Amino acid sequence: MASLALNGVKSEPITAAAVVPPPVPFAALKYAIGECNYGGRVTDDKDRRLLNTLLDQIYCPAILGTNFKLSASGTYYVPEEGEDIAYYTNYINSLPIVPMPE
């Protein structure tokens, strides 16, 4: 690939391998949802504690991997990224209408 020169500055083309997404700010997401909601629908310290405990289980680096289970049964999981719309629609339609407690 040829180099580009703009305003006298030489630059190399960007390849897909060179593009690294920034890290996911899990702590900021947990704070925004778990603490900033405090006083809204989360009305007491026990609700806040429960919400933060649940967020700790979901907002973690493992969720970015494959086959991340959101429930012990495996019924609820994070679908693979990049599939077609029919894949996601089938997954949603496979979910139980009346979920059992887990």
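Remember, predicted model here, so these are calculated numbers, not experimental data. Note that these values count all heavy atoms, side chains included, but never hydrogens, waters or copies made by symmetry.
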CD on Gln57 to CD1 on Ile63, rounded to 0.5 Å:
11.0 Å
CD1 on Ile58 to CG on Leu29, rounded to 0.5 Å:
12.0 Å
Flag the pair Thr75 / Met100 as yes when at least one side-chain heavy-atom distance between them is below 4.5 Å, and no otherwise.
no
What ring-ring contact (aromatic ring centres under 6.0 Å, His included) pairs are there with at least one residue in residues 77-102, not counting sequence neighbours?
Tyr77-Tyr91
Is it the case that more than 12 heavy atoms not belonging to Glu81 sit under 6.0 Å from its CD atom?
no
For the CG atom of Asp56 and the NZ atom of Lys30, what is their distance to the nearest 0.5 Å?
4.5 Å
Are Leu70 and Leu95 in one and the same hydrophobic cluster, where Ile, Leu, Val, Met, Phe, Trp and Tyr link if side-chain heavy atoms are under 4.5 Å apart?
yes
Distance check, rounded to the nearest 0.5 Å: Asp47 atom CG versus Asn52 atom CG?
11.0 Å
Roughly how far apart are Ile33 CD1 and Leu54 CG, rounded to 0.5 Å?
11.5 Å
What pair of heavy atoms forms the shortest contact from Glu102 to Ser71, and how long is it?
OE1-CB, 3.0 Å
Test side chain to side chain contact (heavy atoms under 4.5 Å, CB included) on Lys46 and Leu50; report intermediate values, then the result.
CA-CA 6 Å; Lys46 293 180 194 48; Leu50 174 62; over 6 Å; no
Looking at side-chain heavy atoms only, is the closest gap between Tyr76 and Pro96 below 4.5 Å?
yes
